[in-house]
Amino acid sequence: MTNVQTQDTKMPTTIAPYAFAAEEDRCALRHKVAIPAKLRFSGSSSFATEVANISLAGFACDALLQAHPGTRCWLTLPGLAPLEAEVIHRNNLGLGCALKDMLNPAVLDRYIASYPPRTTMPA
């Protein structure tokens with residue numbers, strides 16, 4: 001069994017959480033997009049956001065409301081039921097989240113084709 005080295009501890013890969021692998025290994029190719037969506041944190045109401053990049057394993061979005069890493073959330077993309085995720089990191093630009101379950105590659109391809117990235121900042 002191999003080990004995953006974190007800053008302070010070693011974690012066997014057989015028990016490493018999916019969110020850890022998705023963010024640390026960056027195992028899935030990220031695609032720049034501009035998808036209007038809704039985000040809801042556990043125990044709160046949903047709010048409008050824009051997904052700026054997406055992969056099979058996660059997404060990054062703008063968010064005026066900041067959440068701490070580990071916060072559970074649900075992302076609602078156009079045409080899909082809410083997707084459960086976990087906040088992995090936050091910064092001044094928004095949130096990075098790992099999806100609980102990977103996206104279907106065909107679904108990902110549809111969003112990449114339908115929602116290209118912005119070329120200019122919105123007014």
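FYI, the numbering just counts along the sequence from 1. Heavy atoms only: backbone and side chains are in, while hydrogens, waters and symmetry mates are out.
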Please report the interatomic distance [atom1]([X]) to [atom2]([Y]), rounded to the nearest 0.5 Å.
{"X": "C61", "Y": "K38", "atom1": "SG", "atom2": "NZ", "answer": "13.5 Å"}
{"X": "L83", "Y": "T76", "atom1": "CG", "atom2": "OG1", "answer": "7.5 Å"}
{"X": "L39", "Y": "S45", "atom1": "CG", "atom2": "OG", "answer": "12.0 Å"}
{"X": "L103", "Y": "F59", "atom1": "CG", "atom2": "CZ", "answer": "9.5 Å"}
{"X": "H31", "Y": "N53", "atom1": "NE2", "atom2": "CG", "answer": "9.5 Å"}
{"X": "Y111", "Y": "L80", "atom1": "OH", "atom2": "CG", "answer": "3.5 Å"}

- [ ] With side-chain contact (heavy atoms from CB on, under 4.5 Å) as the test, would you mind laying out the steps for L77 and V107 before giving the verdict?
- [x] CA-CA 11 Å; L77 296 170; V107 171; over 6 Å; no
Open item on the list: Testing E84, R40, E86 one by one against R72 for a side chain to side chain contact (heavy atoms under 4.5 Å, CB included), which residue passes?
Closed with: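 For R72, the side chain to side chain contact (heavy atoms under 4.5 Å, CB included) check succeeds only for E84.
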Task: Side chains of L56 and P105 in contact at under 4.5 Å (non-hydrogen atoms) - done: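 When only atoms from C-beta onward are counted, P105 and L56 do touch, with a gap below 4.5 Å.
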Open item on the list: Within the 4.5 Å heavy-atom criterion, are V87 and C97 side-chain neighbours or not?
Closed with: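 Of all side-chain heavy-atom pairs linking C97 with V87, at least one is under 4.5 Å.
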Task: Shared hydrophobic cluster for L95 and W74 (ILVMFWY, side-chain gaps under 4.5 Å) - done: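 No, no single cluster joins them.
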Open item on the list: Would a single hydrophobic cluster contain both L99 and I112, if residues Ile, Leu, Val, Met, Phe, Trp and Tyr are joined by side-chain heavy-atom contacts under 4.5 Å?
Closed with: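 Cluster IDs for I112 and L99 match.
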- [ ] Mark yes or no for whether T49, through its side chain, and A37, through its backbone, hold a donor-acceptor pair below 3.5 Å.
- [x]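 Flag not set: sc T49 to bb A37 has no pair under 3.5 Å.
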Task: Heavy-atom closest contact (R90 atom, A67 atom, distance) - done: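 Taking R90 first and A67 second, the nearest heavy atoms are CD-O, 3.0 Å.
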Open item on the list: A quick test of your reading: do over 12 heavy atoms of other residues, nucleotides or ligands sit less than 6.0 Å from CZ of R110?
Closed with: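 For R110, atom CZ is crowded (more than 12 foreign heavy atoms under 6.0 Å).
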